[in-house]
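Single-structure report; data block below.
Letters A, B, ... are given to chains in the order of the sequence lines, protein chains preceding strands, and every chain is numbered from 1. Just so it is clear, the structure is predicted and the values come from calculations on it, not from any experiment.
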Protein chains: 2
Amino acid sequence: MSEETSTYRVENTESQMRKGFLEFPVLLIIGSKSTYAPDILKQLKTANLLVVEGTLYPLLSRLKRAGLVAYTWEESKTGPPRKMYSITKSGQEVLSKLESSWESLNSSVNSLIKKYEVGKK
Amino acid sequence: MSEETSTYRVENTESQMRKGFLEFPVLLIIGSKSTYAPDILKQLKTANLLVVEGTLYPLLSRLKRAGLVAYTWEESKTGPPRKMYSITKSGQEVLSKLESSWESLNSSVNSLIKKYEVGKK
DNA sequence: TATTAGTACCTTGTATAACAAAGTACCTTG
DNA sequence: CAAGGTACTTTGTTATACAAGGTACTAATA
């Protein structure tokens, strides 16, 4: 029994791959220069990391709550005030660790690929 | 209000980074050679991708249900019978796509690092 | 033939990330 | 003051990972 086969959501693989990753790129962006949500969205999009509002805002709140970023309100000439986020000292430390984690994961996966995909094109 | 600061679970960053990724390495391993759960766990551990039983078994069930892998029971001389998993044709196709996704995510993140971490050590 | 240890597989409950969708509020312009 | 754009927020859903505990088969041994 239970021989049913469901279709595999290929369209979601990139999205699934990103789970839990986003804090790294987002911290990277904020760490480089103070900025606000819609601009972060643009930068992520430019880097081909598509993210939506409903993902980013809660993420920023989490980073704030964790003390990794801080924000100040800033006037805008084109609309309502903006929450300008900047990275904290503790955020920089975490960012370093995230980068190490990334390197490590990266080399783990790439070594697996090398090991098992040799000779494929 | 709400100025509390929670501690950031640094110990979990690697684990979080892996969310949604595992099907890629697991498919890679099974695609290379038929094998069974405890051996997959060993191979992942060797590659520094720590995973626990409670994660792997449901993942294998999902891959099976999706038709990406199949299994046959095989006798063992050292214990109970094993579910030997092998990749299916459809699994190979998904594996290719996952590899592309990985390359793409990889280069996206690395380009962000290059862009924003220039000059840091 | 119980008992024990080792191997293999499975399930349940919890936490949490990502997302879609909808909503609130501010600002400028006509 | 209505309309449109900008910015921020929230709610409900889906799905992954994990901890912890459980079931079951096999072989060795008392």
Side-chain angles (χ1 to χ4, degrees), chain A residues 1-2 6-27 35-42 44-45 49-66 69 71-85 98 105, chain B residues 1-2 6-9 11-27 35-42 44-45 49-66 69 71-85 98 101 105:
Chain A
M1 286 101 250
S2 89
S6 58
T7 37
Y8 191 79
R9 316 109 297 141
V10 173
E11 347 74 55
N12 286 349
T13 55
E14 287 230 11
S15 154
Q16 286 175 49
M17 267 200 173
R18 281 202 316 266
K19 278 195 180 178
F21 265 78
L22 285 178
E23 44 195 33
F24 176 40
V26 167
L27 266 187
T35 183
Y36 65 111
D39 183 57
I40 295 173
L41 286 173
K42 266 179 220 144
L44 290 171
K45 190 175 181 183
L49 294 172
L50 295 182
V51 182
V52 296
E53 281 190 326
T55 297
L56 182 60
Y57 282 104
L59 171 55
L60 290 172
S61 298
R62 289 199 300 276
L63 295 177
K64 169 68 169 62
R65 228 178 305 123
V69 300
Y71 65 78
T72 55
W73 285 100
E74 195 163 292
E75 298 292 317
S76 159
K77 294 183 174 173
T78 58
R82 299 164 175 172
K83 279 189 174 175
M84 295 298 287
Y85 285 91
L98 284 173
L105 178 66
Chain B
M1 286 105 254
S2 88
S6 58
T7 37
Y8 191 78
R9 318 108 296 141
E11 347 76 56
N12 285 349
T13 54
E14 287 231 13
S15 154
Q16 285 175 51
M17 266 201 172
R18 280 200 319 264
K19 280 194 179 178
F21 264 79
L22 285 178
E23 44 194 34
F24 176 40
V26 168
L27 267 187
T35 183
Y36 66 111
D39 183 57
I40 295 173
L41 286 173
K42 266 180 220 143
L44 289 172
K45 191 175 181 184
L49 295 172
L50 294 181
V51 182
V52 295
E53 279 191 328
T55 297
L56 183 60
Y57 281 105
L59 171 55
L60 289 172
S61 298
R62 289 199 300 276
L63 295 177
K64 169 70 169 62
R65 229 177 305 124
V69 301
Y71 65 79
T72 55
W73 286 100
E74 194 162 295
E75 297 293 315
S76 159
K77 293 183 176 172
T78 59
R82 300 164 173 172
K83 278 189 174 175
M84 296 297 287
Y85 284 91
L98 284 173
S101 292
L105 178 66

Worksheet item: Given atom CG of B/Asp39 and atom P of C/dT7, what is their separation to the nearest angstrom?
Response: 13 Å

Worksheet item: If you round to the nearest 0.5 Å, how far is CG of B/Leu63 from OH of B/Tyr85?
Response: 8.5 Å

Worksheet, complete the sentence: Of B/Trp73 and A/Gly54, the one whose nearest nucleotide on DNA chain C sits closer to the 5' end is B/Trp73

Practice prompt. Go along nucleotides 22-30 of chain D 5' to 3' and tag each nucleotide: B for a protein heavy atom under 4.0 Å from its base, S when only backbone or sugar atoms are that close, - otherwise.
Written response: ---BS----

Item to complete: Grab the CG-C1' distance between A/Leu98 and C/dA17 for me, whole Å please.
Response: 15 Å

Discussion item. So if I take every side-chain heavy atom of B/Lys83 and compare against C/dC10, C/dC19, D/dC8, which nucleotide ends up nearest?
Written reply: C/dC10

Discussion item. Nearest whole Å is fine: how far is C/dA20 P from A/Leu59 CG?
Written reply: 15 Å

Worksheet item: In what stems does DNA chain C take part, counting only runs of at least 3 consecutive Watson-Crick or G-U pairs whose two distances fall under 3.5 Å?
Response: C:1-30 with D:1-30

Worksheet entry | Length of the CZ-P vector between A/Arg65 and D/dT10, whole Å | 10 Å

Worksheet item: Can a side chain N or O of B/Tyr36 be found less than 4.0 Å away from OP1 or OP2 on C/dA8?
Response: yes

Discussion item. As an exercise, state the distance from CG of B/Leu105 to CZ of B/Phe24, rounded to the nearest 0.5 Å.
Written reply: 10.5 Å

Worksheet item: OP1, OP2 of D/dT16 versus side-chain N and O of B/Arg62: anything below 4.0 Å?
Response: yes

Worksheet item: Can you find a pair of side-chain heavy atoms, one from A/Arg62 and one from A/Arg65, that are under 4.5 Å apart?
Response: yes

Discussion item. Whole angstroms only, please: what is the CD-C1' distance between A/Glu74 and C/dC26?
Written reply: 16 Å

Discussion item. Would B/Val52 and B/Leu41 count as a side-chain contact (heavy atoms from CB on, under 4.5 Å) here? Give the steps.
Written reply: CA-CA 7 Å; B/Val52 295; B/Leu41 286 173; 6.0 Å; no

Worksheet item: Is the shortest heavy-atom distance from the side chain of A/Val26 to the side chain of A/Val69 under 4.5 Å?
Response: no

Worksheet item: To the nearest angstrom, how far is A/Tyr71 atom OH from D/dA7 atom P?
Response: 17 Å

Discussion item. In whole Å, I'd like the distance from the CZ atom of B/Phe21 to the P atom of D/dC18.
Written reply: 13 Å

Fill in: Close side-chain approach of A/Lys83 and A/Tyr36, heavy atoms under 4.5 Å
no

Worksheet, complete the sentence: Nearest heavy-atom approach of B/Leu60 to B/Ala37 is CD1-CB, 4.0 Å

Discussion item. Side chain of A/Val52, heavy atoms from C-beta onward: which of C/dA20, D/dC18, D/dC8 has the nearest atom to it?
Written reply: C/dA20

Fill in: Between CG on residue A/Asp39 and CE on residue A/Met84, distance to nearest 0.5 Å
7.5 Å

Worksheet item: Got A/Trp73 and A/Arg82 here, is their nearest side-chain heavy-atom distance under 4.5 Å?
Response: no

Worksheet item: So, is B/Tyr57 close to the C/dC9 phosphate, meaning a side-chain N or O under 4.0 Å from OP1 or OP2?
Response: yes

Discussion item. Without decimals, in angstroms, what is the distance between B/Leu105 CG and C/dA18 P?
Written reply: 12 Å

